[in-house]
Amino acid sequence: MCQESNILEGCVSPKEIINLIKKWLKKATIVLVARCSIEYEGRATSQATKAERLIIIKEDGTLLIHEGRGRNPLNWQPKAHIIAETNEDRAIIRALRIHPKERLTIMIEGEIHYLIASLERGKFILEGSEESMRDRIALNPSLIEEGAVLVSREVSTPHGRIDVILRDRKGSLILVEVKRSTAKLSAVYQLKRYVEYYSNLGINVKGVIASPTISPHAEKLLKKYGFKHIPINP
């Protein structure tokens with residue numbers, strides 16, 4: 001690894017990349033650009049056909065796979081056990097988790113471009129809060145939906161406190177759950193409880209999560225329930 005830049009990069013075969021992964025796994029962040037197909041088994045199943053993709057393996061075992069558009073990864077596994085091996089002329093990378101039981105398999109063919117770097121932790125200062133996000137939405141409801149107006153904020157229910165309630169042009173309520181970081185499954189379930197509570201009262205209601213990002217699993221569940229995610233930064 002280059003001592004001055006702390007970066008190792010190049011282009012190798014599937015067999016060679018496996019040797020590099022084994023050498024630097026848990027010691028550095030490994031970034032690959034390669035043609036691959038993907039299989040996932042766990043809380044659901046999915047397959048992705050062969051395509052050129054970006055693969056990132058972090059020192060703690062977190063693995064992410066990105067395509068050319070969008071901020072969210074196509075697949076990812078947090079803090080997984082990484083296994084790298086060859087199968088004929090392919091490189092196989094597996095990310096395994098026990099709780100919950102999940103397996104992500106990446107099958108790579110052809111030439112692989114790589115970058116390996118030892119990254120550092122710096123200070124992270126977060127400016128802004130959920131309260132400031134609620135203020136912004138309350139002052140400018142069009143951030144959530146054009147033509148919406150403010151009804152109330154921090155409304156108590158038997159299931160918790162709703163951050164912001166708006167009304168759309170047709171008179172339906174919009175319940176907004178605000179998260180200052182990545183919205184996860186718990187935020188979707190919380191929003192679902194709020195929506196069901198108002199729906200049981202005979203009120204037309206819609207659900208929205210406002211956050212900088214949303215996890216892939218949460219986004220999938222959000223769409224299943226017919227809710228929306230609006231990207232808003234703190």
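All values below come from the heavy atoms of this structure, side chains included, with hydrogens, waters and symmetry mates left out.
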| field | Within one Ile-Leu-Val-Met-Phe-Trp-Tyr cluster: Ile165 and Ile137, side-chain cutoff 4.5 Å | value | no

| field | Leu119, CG: over 12 other non-hydrogen atoms inside 6.0 angstrom | value | yes

| request: Could you tell me the separation between the OH atom of Tyr40 and the CG atom of Asn75, rounded to the nearest 0.5 Å? | output: 9.0 Å

| said: Treating His229 as the side-chain partner and Ser211 as the backbone partner, does any N or O pair qualify as donor plus acceptor under 3.5 Å? | reply: yes

| said: Between Leu173 and Ile203, is the side-chain contact (heavy atoms from CB on, under 4.5 Å) condition met? List the steps. | reply: CA-CA 8 Å; Leu173 294 183; Ile203 299 172; 3.7 Å; yes

| query | Do you know the tightest heavy-atom contact between Ile18 and Ile92? | reply | CD1-O, 4.1 Å

| Minimum heavy-atom separation for Thr62 to Pro78, with atom names? | OG1-CA, 3.8 Å

| said: Taking Lys206 first and then Glu145, would you say they form a salt bridge - that is, a charged N and a carboxylate O separated by under 4.0 Å? | reply: yes

| said: Are the side chains of Ile83 and Leu96 in contact, using a 4.5 Å heavy-atom criterion? | reply: yes

| field | Arg161 backbone acceptor or donor facing Ser156 side chain under 3.5 Å | value | no

| request: Run the salt-bridge test on Glu130 and Arg180 with the 4.0 Å N-O cut-off and return the result as yes or no. | output: no

| request: List the steps, then state whether side-chain contact (heavy atoms from CB on, under 4.5 Å) holds for Asp135 with Glu131. | output: CA-CA 6 Å; Asp135 290 342; Glu131 184 178 0; 4.3 Å; yes

| said: With heavy-atom distances below 4.5 Å as the criterion, would you say the side chains of Val155 and Tyr198 are in contact? | reply: yes

| query | When clusters are formed by joining ILVMFWY residues with side-chain heavy atoms under 4.5 Å apart, either directly or through shared neighbours, do Leu185 and Ile214 land in the same one? | reply | yes

| task | Determine whether Ile106 and Leu63 make a side-chain contact, defined as any pair of heavy atoms from C-beta on separated by less than 4.5 Å. | result | yes

| message | Run Leu32 and Ile21 through side-chain contact (heavy atoms from CB on, under 4.5 Å) and show every step you take. | response | CA-CA 10 Å; Leu32 312 176; Ile21 291 172; 4.3 Å; yes

| query | Can you find a side-chain donor-acceptor pair between Thr182 and Thr213 that sits under 3.5 Å? | reply | yes

| query | So, do Leu222 and Val188 sit near enough that their side-chain heavy atoms are less than 4.5 Å apart? | reply | yes

| query | Same hydrophobic cluster for Ile55 and Met107, using side-chain heavy-atom links shorter than 4.5 Å among ILVMFWY? | reply | no

| note | For Ile209 and Ala183 the tightest heavy-atom approach is CG2-CB, 3.7 Å

| So if you build clusters from Ile, Leu, Val, Met, Phe, Trp, Tyr with side-chain heavy-atom gaps below 4.5 Å, do Leu139 and Leu150 land together? | no

| said: Tell me if a side-chain donor or acceptor on Asn200 pairs with a main-chain N or O of Glu196 at a distance below 3.5 Å. | reply: yes

| field | Which atom of Ile230 lies closest to which atom of Ile144, heavy atoms considered | value | CD1-O, 3.9 Å

| request: Run the numbers on Leu8 and Tyr114 for side-chain contact (heavy atoms from CB on, under 4.5 Å), then give the verdict. | output: CA-CA 8 Å; Leu8 179 69; Tyr114 70 88; 3.9 Å; yes

| field | Worked check of salt bridge (Lys or Arg N to Asp or Glu O under 4.0 Å) between Glu109 and Arg35 | value | CA-CA 6 Å; Glu109 297 180 4; Arg35 186 168 183 81; over 6 Å; no

| Rounded to the nearest 0.5 Å, what separation is found between the CD atom of Glu102 and the CD atom of Glu41? | 11.0 Å

| query | With side chains defined as the heavy atoms from C-beta onward, is the minimum distance between Ile65 and Pro73 less than 4.5 Å? | reply | no

| Would you find a donor on one side and an acceptor on the other, under 3.5 Å apart, between the side chain of Glu177 and the backbone of Gly207? | no

| field | Approximate separation, where rounding is to 0.5 Å, of Ile108 CD1 and Arg53 CZ | value | 11.0 Å

| field | Distance-minimising heavy-atom pair for Arg134 and Arg153 | value | CB-NH2, 4.1 Å

| Quick one: do Val164 and Tyr197 end up in the same hydrophobic cluster if we chain Ile, Leu, Val, Met, Phe, Trp and Tyr together by side-chain heavy atoms under 4.5 Å apart? | no

| request: Quick one: pull up CG in Leu115 and CD1 in Ile7 and give me the separation to the nearest 0.5 Å. | output: 5.0 Å

| query | Could you state the interatomic distance from CD (Glu16) to SG (Cys11), rounded to the nearest 0.5 Å? | reply | 9.0 Å

| Would a distance-only check, ignoring hydrogens and angles, find a side-chain to backbone donor-acceptor pair under 3.5 Å from Ser199 to Val195? | yes

| Residues Arg94 and Glu85 bridged, charged N to O under 4.0 Å | yes

| Hey, what do you get for NE2 (His99) to CZ (Arg97), rounding to the nearest 0.5 Å? | 10.0 Å

| What's the shortest heavy-atom distance between Pro212 and Met133, and which atoms? | CD-CE, 4.4 Å

